[in-house]
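The structure appears right after this line, and notes come after that.
From a predicted model like this one, the values you see are computed outputs, not experimental measurements.
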Amino acid sequence: MKSQEYATSPILGIVTSPPVAANGGKTVTETEDHTADQALHNDLKDVYGQYEELRSGVDELQRSLATMEVHAESPDGVVHATVNSDGELVGLRLDERACREWNVDTLAGLIVETVRRASAVKLRQVEQLVTTHLSPDETA
């Protein structure tokens, strides 16, 4: 900061200080720099807030996927299959009728089809979860 220069009025003999601008004596460049710094600070706060929201959404999505299980059953209700979010078979239940009414090959085909059905439902549910967790800006 510059040292203040004082002037003496030759007529009145009064010592006066130079006038100070309304901005506290700062130069135009200093004022512009401060304004730019404040704008940058505000922008960074906004971006960080958006990041926090996104991070929270991703955490929630991960928790939902980690616990997801989807159930499907054959049209006749004798085969029940459960898959997780990776599409892995985590549960299989066969009604007693399945073992009595179907031969081994037919039953195996029915099991495979029921597991595929459960995996297809799982895929739709994962897509729906991901879409739900995307912000409106990201879907554009």
Side-chain angles (χ1 to χ4, degrees):
M1 189 171 191
K2 290 198 256 179
S3 63
Q4 295 276 337
E5 295 183 20
Y6 296 93
T8 304
S9 169
I11 299 174
L12 301 173
I14 300 173
V15 177
T16 61
S17 61
V20 177
N23 65 6
K26 294 181 181 178
T27 65
V28 171
T29 303
E30 289 173 327
T31 302
E32 289 173 351
D33 286 348
H34 177 72
T35 302
D37 286 347
Q38 189 62 40
L40 180 59
H41 176 75
N42 291 341
D43 288 347
L44 288 175
K45 280 177 61 176
D46 290 345
V47 168
Y48 186 74
Q50 292 171 359
Y51 163 78
E52 286 293 315
E53 287 178 29
L54 180 60
R55 183 71 235 165
S56 174
V58 167
D59 290 343
E60 184 180 332
L61 178 60
Q62 287 175 330
R63 282 189 299 276
S64 296
L65 290 174
T67 59
M68 175 184 274
E69 288 191 351
V70 178
H71 176 79
E73 64 181 60
S74 61
D76 59 4
V78 297
V79 177
H80 300 264
T82 304
V83 297
N84 64 15
S85 63
D86 292 327
E88 298 171 341
L89 181 64
V90 295
L92 179 64
R93 186 172 58 81
L94 303 175
D95 188 285
E96 289 180 14
R97 294 177 296 154
C99 298
R100 285 191 302 245
E101 296 177 14
W102 304 104
N103 68 38
V104 174
D105 292 333
T106 303
L107 182 57
L110 193 56
I111 291 170
V112 168
E113 183 54 39
T114 304
V115 171
R116 283 186 182 148
R117 187 177 299 117
S119 291
V121 171
K122 178 267 320 177
L123 181 60
R124 286 191 298 274
Q125 287 184 2
V126 168
E127 288 173 348
Q128 191 173 33
L129 270 174
V130 170
T131 301
T132 300
H133 284 88
L134 289 178
S135 71
D137 295 337
E138 294 176 66
T139 58

Is a side-chain donor or acceptor of T132 paired with a backbone partner of Q128 at a separation under 3.5 angstrom? yes
Smallest heavy-atom separation, A118 atom then A81 atom, equals CB-O, 4.2 Å
Would V79 and L92 count as a side-chain contact (heavy atoms from CB on, under 4.5 Å) here? Give the steps. CA-CA 7 Å; V79 177; L92 179 64; 4.0 Å; yes
Would you call D59 and R63 a salt bridge, taking side-chain N to carboxylate O under 4.0 Å as the test? no
Between V130 and V70, is there a shared hydrophobic cluster once you connect ILVMFWY residues whose side-chain heavy atoms come closer than 4.5 Å? yes
Between CD on residue Q125 and CD on residue E69, distance to nearest 0.5 Å: 11.5 Å
Heavy-atom pair with the smallest gap, counting every atom of R117 and E73: NH1-O, 3.0 Å
Checking side-chain contact (heavy atoms from CB on, under 4.5 Å) for the pair M68/L129: CA distance, chi angles, key distance, verdict? CA-CA 11 Å; M68 175 184 274; L129 270 174; 3.5 Å; yes
Kindly give the heavy-atom pair with the smallest separation between G87 and S119, and that separation in Å. O-OG, 3.8 Å
Honestly curious: do V126 and L89 fall in one hydrophobic cluster under the side-chain, below-4.5 Å linking rule? yes
When you measure from the side chain of N84 to the backbone of D86, do you find a donor-acceptor pair of N or O atoms at a distance under 3.5 Å? yes
Does atom CZ of R97 have more than 12 heavy-atom neighbours from other groups under 6.0 Å away? yes
Please find the pair of heavy atoms, one from W102 and one from D76, that lie closest to each other, and give the distance. CZ2-OD2, 3.2 Å
Could you tell me which non-hydrogen atom of G77 sits nearest to which non-hydrogen atom of D95, and how far apart they are? O-CB, 4.4 Å
With a cut-off of 6.0 Å (strictly less than), are more than 12 heavy atoms of other residues, nucleotides or ligands near CD of E52? yes
Minimum heavy-atom separation for S85 to L65, with atom names? OG-O, 2.8 Å
